[in-house]
Participant: 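Before anything else, here's the structure in question.
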Number of protein chains: 2
Amino acid sequence: MSQNDISSQMLKGILQGCLLILINQQPYYGYAISQELSKYGFADVPKGTIYPLLMSMEKKGLIVGKTQPSKDGPQRKYYHITTTGKQARQTFLNKWDMLSLNVNDLINERRNDT
Amino acid sequence: MSQNDISSQMLKGILQGCLLILINQQPYYGYAISQELSKYGFADVPKGTIYPLLMSMEKKGLIVGKTQPSKDGPQRKYYHITTTGKQARQTFLNKWDMLSLNVNDLINERRNDT
DNA sequence: AATGACTAGTTTGTAAAACAAAATAGTAAA
DNA sequence: TTTACTATTTTGTTTTACAAACTAGTCATT
């Protein structure tokens with residue numbers, strides 16, 4: 001892992017928000033999500049992370065999964081966003097804005113430190 | 001907790017980087033760090049989080065703590081940054097830039113979704 | 001038909017992390 | 001002397017990450 005990769009530690013807490021953004025756009029299944037995340041630098045988010053996270057999000061009522069057969073392989077479980085999920089998505093957007101503003105402030109006020 | 005507060009979940013992984021930024025600027029003790037973090041919206045990061053984190057950072061060799069008496073109360077443990085810590089700080093800065101670019105891309109390409 | 005490559009999901013077990021809460025301890029003002 | 005504020009450590013519980021193993025489907029080679 002290069003020093004510019006996003007570490008699993010930093011991804012914590014943000015991953016769920018990103019999944020809400022994706023699933024809000026269109027129904028996604030787990031495997032496709034991990035492929036989509038790769039496009040945004042979240043290379044190789046382990047399936048041991050992503051599938052259990054999707055299950056816990058379903059348990060919280062943020063998304064609902066519907067299995068559908070695929071002619072390219074085994075069944076896919078497509079997750080759809082719920083009303084609760086849409087609210088959680090908006091909350092995430094607000095929190096992410098706050099977080100990045102604050103962290104950037106903290107960094108920039110100390111830019112000149114060795 | 002209001003919906004615009006930064007959740008503990010989202011702070012994970014970023015907190016250590018922020019501590020490195022602060023301690024790189026000047027030696028800090030735990031209590032002062034939690035006060036400084038409040039200025040940046042990280043209100044009430046629990047001491048059950050911050051003190052064990054500082055200890056684990058010392059164990060990793062990123063910082064070293066030196067206790068000094070205080071006339072305003074009990075002893076303070078001032079943490080100083082190490083060479084390893086300075087490197088970790090730079091790595092964090094690179095990763096944070098990557099992360100915020102990628103998350104903002106993911107969000108902005110879906111800005112118009114309901 | 002057997003093998004390997006790719007797709008797709010669940011379950012299990014372990015290690016790490018968050019953090020509430022309690023314990024300890026110092027100063028200072030009411 | 002009681003309360004408030006400062007300051008750190010330790011303990012125990014809950015949550016989380018995620019590696020690894022298992023199941024299972026398609027398709028192209030061998």
Side-chain angles (χ1 to χ4, degrees), chain A residues 1 5-19 22-23 27-38 42-60 62-80 95 99, chain B residues 1 5-19 22-23 27-38 42-60 62-80 95 99:
Chain A
M1 155 124 72
D5 286 340
I6 296 160
S7 75
S8 64
Q9 291 299 316
M10 288 190 62
L11 195 51
K12 283 175 192 173
I14 293 168
L15 191 56
Q16 177 178 298
C18 290
L19 297 198
L22 289 178
I23 297 170
Y28 267 99
Y29 59 98
Y31 199 85
I33 283 174
S34 73
Q35 290 176 322
E36 189 67 19
L37 287 177
S38 307
F42 308 116
D44 304 317
V45 177
K47 55 186 176 174
T49 296
I50 196 153
Y51 285 113
L53 177 56
L54 285 168
M55 290 178 206
S56 91
M57 287 169 70
E58 184 170 33
K59 209 170 172 184
K60 289 177 196 160
L62 305 177
I63 54 179
V64 280
K66 296 171 187 172
T67 51
Q68 277 184 261
S70 160
K71 47 177 188 166
D72 300 319
Q75 280 201 325
R76 298 168 173 172
K77 195 177 214 169
Y78 283 86
Y79 287 97
H80 299 248
K95 285 184 181 176
L99 180 76
Chain B
M1 154 123 68
D5 287 339
I6 297 162
S7 74
S8 65
Q9 292 299 318
M10 287 188 63
L11 196 50
K12 283 176 192 173
I14 294 167
L15 191 56
Q16 175 177 299
C18 290
L19 298 197
L22 290 177
I23 297 170
Y28 267 98
Y29 57 99
Y31 199 84
I33 284 174
S34 74
Q35 290 177 321
E36 189 68 19
L37 287 177
S38 306
F42 307 117
D44 303 318
V45 178
K47 55 188 174 169
T49 296
I50 196 154
Y51 283 112
L53 177 56
L54 285 169
M55 290 178 207
S56 90
M57 287 168 72
E58 184 169 32
K59 211 171 171 182
K60 289 177 197 162
L62 305 177
I63 54 178
V64 280
K66 294 173 186 172
T67 51
Q68 277 184 261
S70 160
K71 47 176 188 169
D72 300 320
Q75 281 201 323
R76 297 168 174 173
K77 193 177 215 167
Y78 283 87
Y79 287 97
H80 300 249
K95 286 184 181 176
L99 180 76

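Order of the sequence lines fixes the chain letters, A, B, ..., with proteins taken first and strands second; residue numbering starts at 1 for each chain.
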Participant: When the distance from CD of A:Gln16 to C1' of D:dT16 is rounded to whole Å, what number comes out?
Facilitator: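 Nearest whole value for this atom pair: 12 Å.
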
Participant: So, does B:Tyr31 get its side chain near the phosphate of D:dT6, meaning an N or O under 4.0 Å from OP1 or OP2?
Facilitator: yes

Participant: Would you confirm whether A:Glu58, through its side chain, and A:Gly65, through its main-chain N or O, come within 3.5 Å as a donor-acceptor pair?
Facilitator: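 At least one qualifying donor-acceptor pair exists.
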
Participant: Is the shortest side-chain N/O distance from A:Lys47 to OP1 or OP2 of D:dA20 below 4.0 Å?
Facilitator: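 Negative; the distance criterion is not met.
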
Participant: Would you say B:Tyr51 places a side-chain N or O within less than 4.0 Å of OP1 or OP2 belonging to D:dT9?
Facilitator: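 For D:dT9, neither OP1 nor OP2 has a side-chain N or O of B:Tyr51 closer than 4.0 Å.
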
Participant: If you find the nucleotide of DNA chain D closest to A:Asp72 and the one closest to A:Leu53, which residue's nucleotide is nearer the 5' end?
Facilitator: A:Leu53

Participant: Is the distance from OP1 or OP2 of D:dT8 to the nearest side-chain N or O of B:Tyr29 less than 4.0 Å?
Facilitator: no

Participant: Nearest whole angstrom, please: distance from the C1' of C:dA8 to the CD1 of A:Ile50.
Facilitator: 12 Å

Participant: Would you indicate which nucleotide in D:dA17, D:dG25, D:dT6 comes nearest to any side-chain atom of A:Pro74?
Facilitator: D:dG25

Participant: What integer distance in Å separates A:Ile33:CD1 from C:dA8:C1'?
Facilitator: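 Rounded to the whole Å, the gap is 13 Å.
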
Participant: Quick one: CG on B:Leu22 to OH on B:Tyr28, what's the gap to the nearest 0.5 Å?
Facilitator: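 The CG atom of B:Leu22 sits 5.0 Å away from the OH atom of B:Tyr28.
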
Participant: Can you check the A:Leu54 CG to D:dC18 C1' distance for me, whole Å?
Facilitator: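 Between C1' of D:dC18 and CG of A:Leu54: 14 Å.
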
Participant: How close or far is atom P of C:dA25 from atom CD of B:Gln75, stated in whole angstroms?
Facilitator: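 For the pair B:Gln75 CD and C:dA25 P, the rounded distance is 12 Å.
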
Participant: Can you find a heavy atom in the side chain of B:Leu19 that is under 4.5 Å from one in the side chain of B:Ile63?
Facilitator: no

Participant: Could you give the distance from SG (B:Cys18) to CG (B:Leu15), rounded to the nearest 0.5 Å?
Facilitator: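 Reported value, rounded in 0.5 Å steps: 6.5 Å.
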
Participant: Can you tell me how far C1' of C:dG9 sits from CD of A:Glu58, to the nearest Å?
Facilitator: 13 Å

Participant: Can you check the A:Tyr28 OH to C:dA8 P distance for me, whole Å?
Facilitator: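 Taking atom P of C:dA8 as the reference, OH of A:Tyr28 is at 13 Å.
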
Participant: Which comes earlier along DNA chain C counting from the 5' end, the contact point of B:Pro52 or that of A:Tyr79, where each point is its nearest nucleotide?
Facilitator: A:Tyr79

Participant: Of all the choices, C:dT11, C:dA20, D:dT9, which nucleotide is nearest to the side chain of B:Pro46 once you look at every atom?
Facilitator: C:dA20

Participant: Mind checking the CG-OG1 spacing from B:Leu54 to B:Thr49? Nearest 0.5 Å is all I need.
Facilitator: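 Rounded to the nearest 0.5 Å, the CG-OG1 separation comes out at 11.0 Å.
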
Participant: Measure from NZ on B:Lys77 to C1' on D:dT9 and round the result to the nearest Å.
Facilitator: 9 Å

